[in-house]
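Take a look at the structure set out below.
This one's a predicted model, so the numbers in the text were calculated from it and none came from an experiment. Order of the sequence lines fixes the chain letters, A, B, ..., with proteins taken first and strands second; residue numbering starts at 1 for each chain.
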Amino acid sequence: MHDGPTSKDLLETAHAVLRNDILPDVSSGNKHNVLMIANAMAIAARQIELRCDADKSELLSLRHLFSEALGDDQTPTSSREIAGLNKLLTAEIMSLSFGQPSKRRDEIFTHLVENITRELNISNPKYLKSSS
Amino acid sequence: MVAGVGNGKPVKMDEQIEDLEVFIKQAAGARQVKIVRRELMSGGAIQENWLVDIQVSGGKYDGLLEAVIRKDAPSNLEYSRSRQQEFELLKIAFATGVTVPEPLWFFENNGAGGKTEGGSFVIMRRVKGVAAGFRLVKDETVQTKSRDLTRSLGRELAKIHSIDLENPALAFLEGSDESPAALAIGRYQAYLDSYHTPRPVLYWAIVWLKEFQPETAEIVLCHNDFRTGNYMVENGSVTGVLDWEFTNWGDRHCDIGWFCAPCWRFGAVGREAGGIGSREDFYQGYEQEFGKPIDRSIIRYWEIMATLRWAVIALQQGERHTSGNEISLELALTAHIVPELEMDILRLTGEVP
């Protein structure tokens, strides 16, 4: 059994070294590159930590949204199922109208906001704070 | 395939230098030309920009000519203009009084000498200043002169929109019977339909934009990438509007929406005009120059269109990387901004207009 530092821990530690120890000594021409590398490492660390739960939550939310159509089918999480349900969702969105109040449209909107919030927690959590 | 951390593009400028020197010598009517300095500039995710110092002996340009050479990147986005068309647009803008770098020469190297694969190059006089959006929005001088700068940016855009549509040199621009909004929506939807992963929020934007499509305002020459990051600023003043590769006919409110969209504020969310200043200052500068009012009620529409457009471009940039055509960390990271744009779309469409 592997009991050493996890992939997430390694990435976070390397990220800290890069930003705190290496970046200050990097030439101005290469600072942008180092910042991009640090950003990529931070995203990868958050992917490792959060991706699995984010996918599960997205699937649960999609199943809830389409519970009538799906019935009792509760197969395990799979990216294929998420893609399939998102195709259903996309088709329904294409039939929406924004002119009148709609409970169904509000449900879809809530699902989309929650899902994108989860995605932002992986790609750029600062964005949720800075732009709210 | 060439890997890299910066822009990941194959750097083949070195082998072009000799041909460039021969071309510039002839174009400048010089006795001798030597490129004495060259550096790949940062940014320019689609095209490569090279900072060059050219030592010219004899002729009109005698002395050290500080220039920028813009060349094609290995892969392009659809609808992006050729370097020759971009050069023509730059010439017209310069002649009209838009603040742009002086276009010097266009060089089509057909590789006939057998030493290079050839390529297209726009050579322009270098202007001083900073373009990087994340630096400009934090710049103290920019903040001090925010009002004047924001108004002058409005005037620059209005000057572009005032360019004579009948100019025969613009004949290469494509016209369309469709409205600019319908044309754009159709293109973005076609791309999303072909994209391998469903993006429900982007379809949400498509439906919203179809439903609330405004009447087309008058058709003008739209820059189509007029935003913070694509103009140079020195001591709080505009020194050059850059990146004319998407210019085409369009609705003038499209450019205004692109400039003001949340995605181009570089974190300065409260300064709604490009992270630089107030929306009203930008509008007023524009209106003073253009002579007609901006329809403020439809700017949000065009900001949503702008956000959708940037999301589609970001997906395409990511594909340039994942396809293996152009391995680049910058392109790979661009794909990761799509959720930010999707959240912007949800916020902007959260209320029915």
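Below 4.5 Å, heavy atoms of chain B meet heavy atoms from A:L112, A:V113, A:I116, A:T117, A:E119, A:L120, A:S123, A:N124, all part of residues 112-125 of chain A. Heavy-atom proximity under 4.5 angstrom to chain B picks out nothing from residues 15-25 of chain A.
Contact between B:T239 and B:G129 at its shortest, heavy atoms only, is OG1-CA, 4.5 Å. Heavy atoms only, all atoms of each residue included: B:M305 and B:A184 are closest at SD-CB, 4.0 Å.
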task: Could you give me the CA-CA distance, side-chain angles and deciding distance for B:W258 and B:W310, then say whether ring-ring contact (aromatic ring centres under 6.0 Å, His included) is met?
output: CA-CA 9 Å; B:W258 184 251; B:W310 182 210; 7.0 Å; no
Intermediate values then yes/no, ring-ring contact (aromatic ring centres under 6.0 Å, His included), B:W208 and B:Y203: CA-CA 9 Å; B:W208 195 97; B:Y203 279 98; over 10 Å; no
task: Starting from the C-alpha separation in whole Å, work towards a yes-or-no answer on salt bridge (Lys or Arg N to Asp or Glu O under 4.0 Å) for B:D53 and B:R126.
output: CA-CA 9 Å; B:D53 287 346; B:R126 195 155 75 235; 2.9 Å; yes
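Neither the backbone nor the side chain of A:Q100 has a heavy atom closer than 4.5 Å to any heavy atom of chain B. Both the backbone and the side chain of B:E340 come within less than 4.5 Å of a heavy atom of chain A. There is no contact between B:E39 and chain A, counting heavy-atom distances below 4.5 Å.
Looking only at atom types and distance, the side chain of B:R70 has a donor-acceptor partner in the side chain of B:N49 under 3.5 Å away. Between the side chains of B:T322 and B:E319, at least one donor N or O sits under 3.5 Å from an acceptor N or O. Judged purely by distance below 3.5 Å, without hydrogens or angles, the side chains of B:S328 and B:H321 never pair a donor atom with an acceptor atom.
Between B:H253 atom NE2 and B:I299 atom CD1 the span is 5.0 Å, to the nearest 0.5 Å. To the nearest 0.5 Å, the span separating CZ on A:F98 from CG on B:L209 amounts to 9.0 Å.
Annotation: cation-pi pair B:R296/B:F282 absent, no NZ/CZ under 6.0 Å from the ring centroid and within 45° of its normal.
Aromatic pair B:W302/B:F259: centroids not less than 6.0 angstrom apart.
With chain A as the partner, the residue from B:H336, B:Q189, B:E211 showing the most heavy-atom pairs under 4.5 Å is B:E211. Chain B forms more heavy-atom pairs under 4.5 Å with one residue of A:V34, A:I43, A:L89 than with any other, namely A:I43.
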